[in-house]
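Sequence lines set the chain letters: A, B, ... in the order given, protein chains first and strands last, and positions in each chain run from 1.
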There are 2 protein chains.
Amino acid sequence: MLTDRQLLILQVIIDDFIRSGQPVGSRTLSKKEEISFSSATIRNEMADLEELGYIEKTHISSGRVPSEKGYRYYVDHLLSPQRLTQEDIKKIKSIFAERIYELEKIVQKSARILSDLTNYTSIVLGPAVKDNKLKRIQIIPLNKETAVAIIVTDTGHVENRVITVPASVNASDLEKMVNILNERLLGVPLIELKDKIYKEVANVLRTHIRNYDSMLKTIADTLDVPQEEKMFFAGKTNMLIQPEFSDIQKVRSLMMMIEQEKDFYRLLRKHSKKGIQVTIGRENQLSGMENCSLITATYSVGEEQLGTIAILGPTRMEYSRVITILNRVASDLSTVLTDWYQNN
Amino acid sequence: MLTDRQLLILQVIIDDFIRSGQPVGSRTLSKKEEISFSSATIRNEMADLEELGYIEKTHISSGRVPSEKGYRYYVDHLLSPQRLTQEDIKKIKSIFAERIYELEKIVQKSARILSDLTNYTSIVLGPAVKDNKLKRIQIIPLNKETAVAIIVTDTGHVENRVITVPASVNASDLEKMVNILNERLLGVPLIELKDKIYKEVANVLRTHIRNYDSMLKTIADTLDVPQEEKMFFAGKTNMLIQPEFSDIQKVRSLMMMIEQEKDFYRLLRKHSKKGIQVTIGRENQLSGMENCSLITATYSVGEEQLGTIAILGPTRMEYSRVITILNRVASDLSTVLTDWYQNN
DNA sequence: GTTAGCACTCGGACAAATTGAGTGCTAAAT
DNA sequence: ATTTAGCACTCAATTTGTCCGAGTGCTAAC
């Protein structure tokens with residue numbers, strides 16, 4: 001549909017605009033070494049590109065800026081692959097410098113390094129706890145009424161909650177109960193726990209424990225662990241450097257959106273397809289994101305997807321560089337974690 | 001030092017400026033009902049007040065705005081006590097509407113309500129874990145090499161960490177060891193744990209456990225729980241509404257300061273005196289805080305201070321209202337928590 | 001000691017003029 | 001049939017000048 005020359009012009013416009021942030025005019029373009037025809041020709045081509053919706057003017061006699069459609073085409077077809085510098089690679093490696101003990105730590109560190117590397121905001125979705133398998137349940141009485149219930153998973157993740165223990169349940173009952181639970185539920189993924197308790201463990205409990213029913217619901221509720229992955233942000237203030245956010249109103253709506261977390265989490269969940277995903281501006285369907293793009297990659301252990309790493313930047317983002325970095329971090333993360341899980 | 005009339009004028013200037021955000025001129029002042037003398041007189045008085053450093057001009061023929069010294073005097077001597085509306089009280093009560101299970105939850109909720117109530121940013125310093133007393137230690141093996149160590153405190157707080165277990169330590173050793181630790185350390189404040197292990201428990205371990213030394217350091221390190229209280233923020237974006245932060249540069253330096261957390265935590269720790277504390281603008285000695293004031297109150301259980309609740313706003317802050325609200329929330333929080341601890 | 005009056009200052013709002021980067025269109029050149 | 005040079009035109013941004021209003025300081029009268 002587009003001629004080679006139009007593609008060339010589109011690419012150069014977007015590259016230049018990403019670099020400078022300024023609308024690009026025909027004269028500027030004609031001076032580029034890639035371009036060997038006059039500004040008048042360029043003007044004609046630009047008029048066509050505009051008609052097709054790939055570029056826009058900010059006012060009637062201004063240079064052109066990419067439209068969302070333009071960025072979309074650029075991302076889908078025109079990206080010039082980037083190479084990482086030694087320094088970049090060094091920084092990425094530094095994520096894995098220390099021995100890993102806890103998943104969350106390394107995930108948090110990834111977020112920090114990513115924002116550092118890109119100067120945008122990074123968001124990392126930690127591994128979903130729900131797929132971890134139960135290692136141990138423990139209930140530790142605090143006083144007559146309350147106890148703290150603790151769940152340990154095979155990955156070393158610990159969930160805990162304070163619960164009320166009915167007066168009718170005594171310490172030995174509690175202990176017996178915990179033993180049964182541990183016996184029956186070892187290795188069960190957390191998300192199936194609740195179901196399993198009602199279907200398989202309830203019966204056993206009934207035969208062994210007095211008053212089992214008064215505890216059953218409490219226990220089941222406790223084991224009903226949060227479904228949502230934790231979200232880690234880093235570099236939230238990086239967006240404030242971007243010239244497109246010199247308008248305090250835009251900053252405000254963006255920051256509120258981020259602070260609210262819920263909508264943003266949902267958006268991120270839509271990006272769970274494997275590989276790199278890019279959504280540009282209003283494609284994100286979230287107010288406050290009109291001027292932002294979101295790029296995500298997923299990391300996995302073996303074949304199983306664990307989580308998502310993402311970069312949030314202005315639509316005028318260095319797509320090429322960010323994609324390269326995300327790819328690299330996601331793949332390194334996958335390798336390291338796969339290794340780690342195997343020794344677990 | 002200042003005459004009554006000067007005080008009156010200072011107070012009215014600050015009240016008006018806090019309300020409007022605009023420099024206050026002699027004509028505006030002379031129309032206030034509290035004021036019964038002419039604008040010329042006011043001009044004379046204002047010239048004096050300026051000379052003494054309580055007010056400033058933004059340019060040579062502008063109205064006056066309060067200086068930091070002015071705010072300081074205002075806060076120390078001129079505050080007109082405020083009454084909370086029914087609505088305010090209702091919101092504050094809503095913090096305590098649900099049954100408390102975990103301290104952190106209620107502390108987080110306080111932060112949310114505070115920012116909601118004031119339209120400024122609120123920060124809450126949670127109870128320091130270090131003063132909690134040990135309820136139970138648990139070590140749960142994950143595989144040959146690693147285990148997760150869990151510490152439960154009397155308040156139901158759970159700390160956990162993944163540790164490496166030397167191959168030479170077997171499961172029964174581990175169990176014995178945990179038993180000894182629990183026996184000897186029950187009720188010890190977390191901050192004293194490490195010390196106590198070396199001084200009192202090491203000997204016992206030596207006599208009962210093979211290879212006790214290879215574990216000792218690991219255990220001691222694990223029990224060396226973070227000293228710092230957790231900080232909860234709410235309403236970070238509220239500052240963006242304030243007209244004094246229409247300048248993106250100011251927003252940026254403030255936000256970076258907040259994101260960094262460390263300096264801000266230190267500042268907050270300086271506010272640990274009982275009762276209300278106010279620091280104004282550069283008194284905070286923190287870049288990014290030049291245009292901000294910080295007001296804090298502490299909450300306690302019985303006589304023991306637990307934590308701090310704080311409001312961060314522009315120097316042009318509604319001091320009176322904020323102080324009233326903080327006082328109320330701190331006292332309610334103290335009452336509820338004291339009660340809660342007693343039943344613990 | 002207080003106030004009215006006056007000359008003066010400055011910021012903000014507005015309009016007019018200027019500049020420069022950019023466009024679209026047309027006719028000539030290739 | 002493309003490409004390009006040239007030209008008229010547009011608009012944002014900057015500069016300049018003007019005016020107004022809110023405010024001040026000072027002085028002389030009350």
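Contacts between residues 37-47 of chain B and DNA chain C, defined by a heavy-atom separation under 4.0 Å, are made by B:F37, B:S38, B:A40, B:T41, B:R43, B:N44. DNA chain D is contacted by no residue of residues 51-58 of chain A, taking any non-hydrogen atom closer than 4.0 Å.
The only member of B:T296, B:L294, B:I295, B:V75 that meets side chain to side chain contact (heavy atoms under 4.5 Å, CB included) when paired with B:T279 is B:L294.
Under a 4.0 Å N-O distance rule, the pair A:K236/A:E259 does not qualify as a salt bridge. One finds no salt bridge joining A:E244 and A:K250 here, because no Lys/Arg side-chain nitrogen approaches an Asp/Glu carboxylate oxygen to under 4.0 Å. Between A:R328 and A:D88, none of the side-chain N atoms (NZ, or NE/NH1/NH2) sits under 4.0 Å from a carboxylate O, so this pair counts as no salt bridge. With respect to B:R72 and B:D76, a salt bridge is recorded, a charged nitrogen being found less than 4.0 Å from a carboxylate O. We find that B:R64 and B:E56 are not joined by a salt bridge, their nearest charged nitrogen and carboxylate oxygen being 4.0 Å or further apart.
At least one test fails for A:K262 against the ring of A:Y265: distance under 6.0 Å to the centre or angle within 45° of the axis.
Both B:R5 and B:I60 lie close to DNA chain C; mapped to their nearest nucleotides by heavy-atom distance, the more 5′-ward contact belongs to B:R5.
Between B:F233 and B:F264, the ring planes are tilted. Angles from 30° to 60° get that label.
Here the range on DNA chain D touched by chain A, meaning any atom under 4.0 Å from one of its heavy atoms, is D:dT3 to D:dA12.
Remark: side-chain polar atoms of B:S320 are not paired, donor with acceptor, to backbone N or O of B:L79 under 3.5 angstrom. Using a distance-only test at 3.5 Å, with no hydrogens or angles considered, no donor-acceptor pair links the side chain of B:N284 to the main chain of B:L286.
Atom CZ in B:R64 sits about 13 Å away from atom C1' in C:dT9, given to the nearest Å.
Every residue two or more places apart in sequence or in another chain that forms a side chain to side chain donor-acceptor pair (under 3.5 Å) with B:D16 is listed here: B:R19, B:K32.
The distance from atom CD of A:Q11 to atom OH of A:Y73, rounded to the nearest 0.5 Å, is 10.5 Å.
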Extract from the structure each pairing of a protein N or O with an N or O of nucleotides 15-21 of chain C at less than 3.5 Å, listing the distance.
none

Identify all side-chain donor-acceptor contacts of residues 117-125 of chain A below 3.5 Å with residues at least two apart in sequence or on another chain.
from   : atom 1 : to     : atom 2 : distance (Å)
A:T118 : OG1    : A:L114 : O      : 2.8
A:T118 : OG1    : A:Y120 : N      : 3.2
A:Y120 : OH     : A:E318 : N      : 3.2
A:T121 : OG1    : A:G235 : O      : 3.0
A:S122 : OG     : A:A111 : O      : 2.6

